[in-house]
There are 2 protein chains.
Amino acid sequence: MANVNSYTRRMPTPDRTSLDAIVDAARDLLEEQGLTGLTMNAVALRVGVRPPSLYKRVSSREQLVQLVAEATLTGVAVRLDRMESAAEVVNEFRRFGHAHPAAFQLVMTPAAGIPTARREFGERASDAMLRIGGMLAGEEHALVAARTLTAWATGFVSMELNGSFQLGGDIDEAWRFGVARLIDALTRVG
Amino acid sequence: MANVNSYTRRMPTPDRTSLDAIVDAARDLLEEQGLTGLTMNAVALRVGVRPPSLYKRVSSREQLVQLVAEATLTGVAVRLDRMESAAEVVNEFRRFGHAHPAAFQLVMTPAAGIPTARREFGERASDAMLRIGGMLAGEEHALVAARTLTAWATGFVSMELNGSFQLGGDIDEAWRFGVARLIDALTRVG
DNA sequence: ACCTGAACACCGTTCAAGT
DNA sequence: ACCTGAACACCGTTCAAGT
């Protein structure tokens with residue numbers, strides 16, 4: 001008697017979207033319109049529901065932004081893990097910034113009050129940096145070396161993305177100069 | 001006949017605030033509440049007028065944020081210009097980040113869509129960096145050296161301000177390590 | 001000439017009512 | 001069980017009306 005028609009009983013309205021679709025729409029909006037363009041309204045429009053429906057999948061806009069940050073960091077981690085040499089890792093890091101500028105800024109240089117990824121996502125993304133830090137400077141200096149390299153690469157990519165290099169000159173040349181100088185400096189430590 | 005009482009004629013309502021007071025209130029709010037807390041409402045409340053009155057002094061919230069960014073960069077430029085050695089400049093840069101974290105992030109790592117300072121303000125702030133770049137690496141490498149140093153310092157301070165150094169260890173030690181490695185590396189170039 | 005209340009189009013979010 | 005319209009408190013901004 002209970003299961004005569006369990007489908008229509010259990011699904012009075014079928015799902016019209018999914019958490020993945022919502023996060024993907026949010027990521028696209030972030031790149032296209034910036035963080036201010038990532039509104040619940042715009043996300044809802046993209047996934048084909050009304051704004052209140054989003055709250056069945058995410059608890060707030062803040063949590064949605066956090067999910068975007070975490071998905072981004074997972075992507076970076078996977079890409080960096082594949083690289084071998086220090087130069088490759090750092091070049092891939094920069095390539096990622098060029099491919100997803102807004103997501104890069106969101107995860108690497110969030111302003112105060114912007115929701116960030118939970119700890120474990122950041123740690124996973126720093127594995128590759130620690131690995132090359134140890135390779136270059138020796139295991140006992142792996143952490144400081146990784147921090148030096150990450151700080152430089154983050155600052156450089158962030159500056160080129162927001163147009164802070166205003167004095168002309170070749171940006172790619174400045175990047176190669178920095179890579180060479182840093183790798184050399186860190187190698188001398190070990 | 002025209003000037004019997006020019007004061008009351010020309011000032012039917014005396015000024016109740018000023019552009020400086022508005023920008024100062026905005027800077028305070030930025031540090032206390034973050035960029036999202038810098039609302040026209042909150043600024044108006046602080047300077048003692050109603051929100052619409054602000055539009056007599058600034059054309060938009062966007063322009064107000066730009067004025068905050070420019071005032072911030074002017075402050076940095078003055079402080080960096082006073083320093084002599086490369087280590088002093090870069091340490092003062094970090095001290096500034098600690099003193100005004102939200103303003104630092106606003107001017108050094110603004111997200112896409114955030115209003116930034118007009119060109120000349122950024123250039124003025126980079127004078128000191130160019131100077132020490134030339135001191136360390138020689139005039140012909142001044143620009144790439146300045147970019148390497150600025151990128152590293154910006155990335156480092158930005159990361160410590162937003163809590164990106166999550167793996168323990170001594171942050172000050174990592175800073176000193178970076179300063180020493182970079183100055184050494186850039187000196188070898190010249 | 002500066003200031004204000006009222007109004008508008010937008011946010012994020014809640015919730016009762018629909019299916 | 002998911003979806004929606006209506007509603008609320010907030011934004012930034014405009015503008016006619018006050019002094």
Side-chain angles (χ1 to χ4, degrees), chain A residues 2-23 25-26 29-30 32-69 106 111-115, chain B residues 2-23 25-26 29-30 32-69 106 111-115:
Chain A
N3 293 341
V4 173
N5 191 336
S6 68
Y7 183 82
T8 51
R9 285 268 188 89
R10 297 181 46 238
M11 289 196 138
T13 61
D15 289 17
R16 251 163 256 187
T17 184
S18 68
L19 181 57
D20 278 355
I22 289 170
V23 173
L29 275 164
L30 175 63
E32 292 167 27
Q33 323 259 11
L35 194 53
T36 26
L38 198 174
T39 67
M40 297 304 267
N41 233 311
V43 171
L45 193 66
R46 261 179 208 227
V47 301
V49 298
R50 299 285 175 178
S53 299
L54 297 177
Y55 293 85
K56 285 282 153 181
R57 310 274 199 290
V58 298
S59 63
S60 64
R61 175 178 181 275
E62 200 167 317
Q63 197 215 348
L64 177 53
V65 173
Q66 180 185 274
L67 292 174
V68 169
L106 174 66
I114 302 292
Chain B
N3 294 343
V4 172
N5 191 335
S6 67
Y7 183 82
T8 51
R9 286 269 186 87
R10 297 181 46 237
M11 287 197 140
T13 61
D15 288 18
R16 250 164 258 188
T17 185
S18 68
L19 181 58
D20 277 355
I22 290 171
V23 174
L29 276 164
L30 174 64
E32 292 167 26
Q33 324 258 10
L35 194 54
T36 26
L38 197 174
T39 67
M40 298 304 267
N41 233 311
V43 171
L45 193 65
R46 263 180 206 225
V47 300
V49 298
R50 300 284 174 177
S53 299
L54 298 176
Y55 293 86
K56 284 283 154 182
R57 310 271 200 286
V58 298
S59 63
S60 65
R61 176 179 181 275
E62 199 167 317
Q63 197 215 347
L64 177 54
V65 173
Q66 180 185 277
L67 292 173
V68 169
L106 175 66
I114 304 292

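First the proteins, then the strands, lettered A, B, ... as listed; each starts at 1. It should be emphasised that the depicted structure is a prediction, and the values quoted were computed from it without experimental measurement.
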Participant: Would you kindly give the CG-to-P distance between A:L19 and D:dC2, to the nearest whole Å?
Facilitator: 13 Å

Participant: Where the side chain of B:P52 is defined as all heavy atoms beyond and including C-beta, which of D:dC2, D:dT14, D:dT4 is the nearest nucleotide?
Facilitator: D:dT14

Participant: D:dC2, OP1 or OP2 - any side-chain N/O from A:R16 closer than 4.0 Å?
Facilitator: no

Participant: Pairing check on C:dC11: which nucleotide meets the Watson-Crick or G-U wobble criteria with it, both distances under 3.5 Å?
Facilitator: none

Participant: Would you mind reading off the distance between A:K56 atom NZ and C:dT19 atom C1', rounded to a whole angstrom?
Facilitator: 14 Å

Participant: For D:dC2, which nucleotide is its Watson-Crick or G-U wobble mate, given both distances must be under 3.5 Å?
Facilitator: C:dG18

Participant: Measure from CG on A:L54 to P on C:dT13 and round the result to the nearest Å.
Facilitator: 10 Å

Participant: Tell me whether A:R61 contacts the main-chain N or O of A:L38 through its side chain, where contact means a donor paired with an acceptor under 3.5 Å.
Facilitator: yes

Participant: Between C:dC11 atom C1' and A:L29 atom CG, what is the distance in whole Å?
Facilitator: 15 Å

Participant: Nearest to the side chain of A:Y55 - D:dT4, C:dC3, C:dT14?
Facilitator: C:dT14

Participant: Touch check for B:S53, heavy atoms < 4.0 angstrom, all strands: base, sugar-phosphate only, or nothing?
Facilitator: base

Participant: So does A:E32 have more than 12 non-hydrogen atoms from other groups sitting under 6.0 Å from CD?
Facilitator: yes

Participant: If only atom types and distance count, is the side chain of B:R46 paired as donor or acceptor with the main-chain N or O of B:A21 below 3.5 Å?
Facilitator: no

Participant: What is the distance, rounded to the nearest whole Å, between atom CZ of B:R61 and atom C1' of D:dC10?
Facilitator: 14 Å

Participant: Rounded to whole Å, please give me the gap between CG in B:L45 and P in D:dC11.
Facilitator: 11 Å

Participant: Whole-Å distance between C:dG12 P and A:M40 CE?
Facilitator: 7 Å

Participant: Considering just the side-chain nitrogens and oxygens of B:R50, establish if one lies under 4.0 Å of OP1 or OP2 belonging to D:dT13.
Facilitator: no

Participant: Under 4.0 Å between a side-chain nitrogen and a carboxylate oxygen: does that hold for B:K56 and B:D15?
Facilitator: no

Participant: Spell out, as yes or no, whether a donor-acceptor pair under 3.5 Å connects the side chain of A:Q63 to the backbone of A:S59.
Facilitator: yes

Participant: Looking only at the side chain of B:T39 (C-beta and beyond, no hydrogens), which of the listed nucleotides D:dG12, D:dT4, D:dT13 gets closest?
Facilitator: D:dG12

Participant: Rounded to the nearest Å, what distance is computed from the CD1 atom of residue A:I22 to the P atom of nucleotide D:dC2?
Facilitator: 12 Å

